[in-house]
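Presented below is the structure to which this report refers.
In what follows, every heavy atom counts, from backbone to side chain, and hydrogens, waters and symmetry copies are set aside.
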Amino acid sequence: MAAAACTPFTPQISAKPSVSRSNSRLHGLSITRSSHESVRAGAGLRIRSSLVVETEEKKAPSLEGFGFDVVSEAELKERGFMGLRKTKVVCTVGPACCGEEELEGLARGGMHVARLNMCHNTREWHREVIGAIKRLNQEKGFCIGVMIDTEGSQMHMVGHGSASSIKAEDGSVWLFTTEKFEGSRPFTIQVNFEGFSEGILVGDDIVIDGGMATFEVIEKVGDDLHCKCTDPGLLLPRAKLSFWRDGRLVEMNSGLPTLSTKDWADIEFGISEGVDYIAVSFVKDVNDITNLKSYLSTRSSEFIKVLAKIESLESLKNLEPIVKASDGLMVARGDLGVQIPLEQIPTIQQKVTYLCRQLNKPVIVASQLLESMVEYPTPTRAEVADVSEAVRQQADALMLSGESAVGSYAEKALSVLCMASGRMELWSREENRQNLLFLPQLAETLPDRIAEQICNCAVEMANKLGVDAIFVYTKHGHMASLLSRNRPNPPIFAFTDNDNARKGMNLHWGVTPLEFPLSDVVEDNFKQTISLMKNRGTVRPGDMILVVSDSDVSCSSARPSVSQSIQVRTID
């Protein structure tokens with residue numbers, strides 16, 4: 001007989017214990033939402049308590065196709081479930097760490113995402129780095145995501161005649177000009193924006209890269225500015241410029257779009273190379289994000305996550321809509337510090353981090369975390385305290401910029417991040433701080449509300465029962481992100497058969513994404529993953545696992561439905 005059209009299922013609640021064969025014991029509650037054999041409109045909800053007792057072991061499945069990041073696996077074997085770090089790490093790749101050996105060193109050191117700043121280096125250089133990272137993933141068993149960072153329409157130096165930094169001495173007089181010339185001229189800096197001096201007055205200050213050096217405008221000749229160095233310092237190639245008057249930022253109404261022609265070309269490059277994230281620089285409003293996401297959808301590249309960089313006054317004025325539209329945020333404190341008073345940076349960082357968690361979007365804290373380690377092998381104590389504060393605020397990820405890109409101690413800087421974040425996570429867990437934050441309901445439809453409540457309840461159960469880990473079986477990573485939002489004590493292992501979803505979960509706090517060929521049956525998924533992890537020595541008898549699933553399951557009429565469930569299992 002032909003199958004009838006699938007219609008919503010009437011909610012039913014039963015409490016009938018059941019017994020079946022499994023490789024673990026199950027305790028507690030199983031919640032399932034299905035769409036089968038409906039008698040009226042409305043989503044179905046079936047709640048069933050059950051007890052599953054182990055009576056027989058099946059032959060262990062093949063390890064082929066089971067993607068477990070080698071670093072997470074080694075960390076799990078060495079430290080156990082509670083020893084896994086929750087805070088993710090992004091490393092900027094530059095001349096100091098672009099070789100395959102250096103990249104592998106960063107990968108083994110705990111890098112989750114490699115960032116490529118499109119402001120620097122050639123496209124061919126970026127292509128070679130992306131290829132090297134993909135080879136590490138394929139041949140060495142890593143799970144490293146790739147992020148490109150757009151240059152954005154910003155005012156910066158075109159050059160100053162040197163491939164590296166040069167020193168501006170106190171009292172020296174420099175010419176800032178838009179004149180184009182080859183080579184170098186003494187005490188002359190080219191600026192990329194033709195109207196850079198419009199509205200600038202004698203007595204205004206030019207601040208380089210947020211304070212690396214400062215100049216006072218002493219004369220204006222046409223479109224050029226003659227300036228005297230008042231705070232000596234280093235001038236880096238393509239350093240950013242900002243103007244200040246009486247202690248306030250002079251807002252430059254350049255009228256340039258957020259994404260320049262070069263940025264769109266870089267985005268095309270990122271799509272063709274299969275990157276996982278695009279970070280948009282100098283976001284002004286929500287349209288900057290929605291336009292890019294709309295464009296990606298026309299290119300069948302929806303899997304690329306779009307991150308908004310918060311580094312301008314405009315982005316702060318439109319913060320909440322930007323957060324809602326994006327797939328995550330980066331608090332770019334360096335450029336942000338150019339546009340707002342320095343003393344406001346800590347509160348802005350905390351505000352953005354809090355809002356991102358409220359709205360279930362991963363947030364990266366970036367810029368100058370370990371700035372002294374660009375030149376020195378040991379960080380300052382203040383830098384370690386800064387890193388620890390970002391971890392205490394439970395940011396999803398921390399980012400190294402110059403420390404890894406051009407510094408002499410990239411792997412040491414990464415080690416410091418990992419040690420400091422691990423110690424602060426342990427302290428925060430002991431203080432039980434994750435329960436202090438109220439999380440508003442985000443979902444609007446009934447199915448999404450069910451998923452959200454299941455994840456909220458799952459984390460509460462996991463913390464109160466003291467389970468060792470949370471396993472979530474997810475097609476696209478949404479339930480893994482909802483679990484992460486609650487900041488549970490135990491680590492989250494997210495199993496997916498979608499490689500894009502796996503890389504997309506690389507920025508979520510506490511989530512270890514694993515590639516696994518999902519079955520249509522949740523029970524089979526759990527049996528398979530437990531057998532595989534037993535074979536690898538990453539789970540042991542007595543471990544208690546809380547299982548959450550949003551996987552598709554089949555029904556007798558061959559129509560698809562969705563199962564969302566919570567189970568608690570003890571490994572035999």
Side-chain angles (χ1 to χ4, degrees), residues 22-32 47-54 68 72-73 75-87 394 422 425-426 428-437 439 451-474 477 479-496 505 508-514 516 522-523 525-534 536-551 563-572:
S22 173
N23 66 340
S24 63
R25 294 190 300 275
L26 180 150
H27 313 274
L29 187 67
S30 174
I31 302 177
T32 304
I47 303 178
R48 180 181 69 252
S49 66
S50 55
L51 177 66
V52 181
V53 182
E54 159 67 6
F68 203 147
S72 300
E73 183 176 3
E75 203 172 78
L76 178 57
K77 289 179 179 178
E78 179 184 352
R79 305 176 187 173
F81 286 118
M82 288 302 179
L84 290 175
R85 283 183 302 107
K86 310 291 183 65
T87 308
Q394 297 186 324
E425 287 169 5
L426 175 62
S428 295
R429 185 163 65 242
E430 291 171 351
E431 291 294 311
N432 207 26
R433 291 179 178 270
Q434 71 280 350
N435 289 330
L436 300 180
L437 182 63
L439 298 176
E452 190 174 321
Q453 287 305 312
I454 282 178
C455 291
N456 294 345
C457 294
V459 170
E460 184 177 358
M461 289 174 62
N463 289 342
K464 289 184 176 179
L465 293 174
V467 304
D468 296 290
I470 298 173
F471 284 12
V472 57
Y473 301 94
T474 176
M479 290 191 81
S481 73
L482 289 171
L483 291 166
S484 171
R485 178 188 184 222
N486 283 274
R487 301 299 193 257
N489 287 334
I492 303 162
F493 292 85
F495 300 91
T496 182
M505 289 185 278
H508 287 284
W509 185 97
V511 176
T512 299
L514 298 95
F516 175 76
V522 176
E523 179 66 19
N525 287 331
F526 184 73
K527 289 179 181 178
Q528 295 281 320
T529 51
I530 287 299
S531 294
L532 289 167
M533 293 183 76
K534 276 185 174 181
R536 300 178 89 114
T538 51
V539 297
R540 298 177 177 83
D543 287 342
M544 187 184 297
I545 310 295
L546 188 142
V547 183
V548 182
S549 177
D550 68 351
S551 299
S563 172
Q564 297 171 327
S565 63
I566 306 174
Q567 302 173 359
V568 178
R569 306 227 178 186
T570 302
I571 307 302
D572 287 334

Closest non-hydrogen atom pair between [X] and [Y], with its separation:
X    : Y    : result
A494 : M505 : CB-SD, 3.5 Å
P488 : V459 : CB-CG1, 3.6 Å
V548 : I454 : CG1-CG2, 4.0 Å
A480 : T474 : CB-CG2, 4.5 Å

Whether F495 and Y473 hold their rings parallel, tilted or perpendicular, with breakpoints at 30° and 60°: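 The arrangement is parallel - the two ring planes meet at less than 30°.
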Working to the nearest 0.5 angstrom, can you tell me the gap between [X] [atom1] and [Y] [atom2]?
X    : Y    : atom1 : atom2 : value
D543 : R569 : CG    : CZ    : 14.5 Å
N463 : N486 : CG    : CG    : 8.5 Å
E452 : M479 : CD    : CE    : 10.0 Å

Non-neighbouring partners of E460 that pass side chain to side chain contact (heavy atoms under 4.5 Å, CB included), sequence neighbours left out: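 Only K464 meet the side chain to side chain contact (heavy atoms under 4.5 Å, CB included) criterion with E460.
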S484: partners by side chain to side chain contact (heavy atoms under 4.5 Å, CB included), with sequence neighbours left out: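 Once residues adjacent in sequence are excluded, the partners of S484 under the side chain to side chain contact (heavy atoms under 4.5 Å, CB included) criterion are D396, R487, I492, H508, W509, V511.
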With side chains defined as the heavy atoms from C-beta onward, is the minimum distance between [X] and [Y] less than 4.5 Å?
X    : Y    : answer
F471 : N525 : no
T512 : P491 : no
F68  : L532 : no
P490 : D468 : no

Contacts of type ring pair (Phe, Tyr, Trp, His ring centres under 6.0 Å), residue F81, not counting sequence neighbours: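 In terms of ring pair (Phe, Tyr, Trp, His ring centres under 6.0 Å), with neighbours along the sequence ignored, F81 is linked to F493.
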Non-neighbouring partners of E73 that pass salt bridge (charged side-chain N to carboxylate O under 4.0 Å, His left out), sequence neighbours left out: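 Salt bridge (charged side-chain N to carboxylate O under 4.0 Å, His left out) check on E73 returns K77, R536.
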Partner residues of R79 under the salt bridge (charged side-chain N to carboxylate O under 4.0 Å, His left out) criterion, sequence neighbours left out: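 Counting only residues at least two positions away or on another chain, R79 forms a salt bridge (charged side-chain N to carboxylate O under 4.0 Å, His left out) with E75.
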Residue list, side chain to side chain donor-acceptor pair (under 3.5 Å) with S481, at least two apart or on another chain: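 So S481 forms a side chain to side chain donor-acceptor pair (under 3.5 Å) with N360.
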Derivation and outcome, side-chain contact (heavy atoms from CB on, under 4.5 Å), residues M533 and I571: CA-CA 11 Å; M533 293 183 76; I571 307 302; over 6 Å; no
E425 side-chain N/O to R85 backbone N/O, donor-acceptor pair under 3.5 Å: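 It does not hold such a pair.
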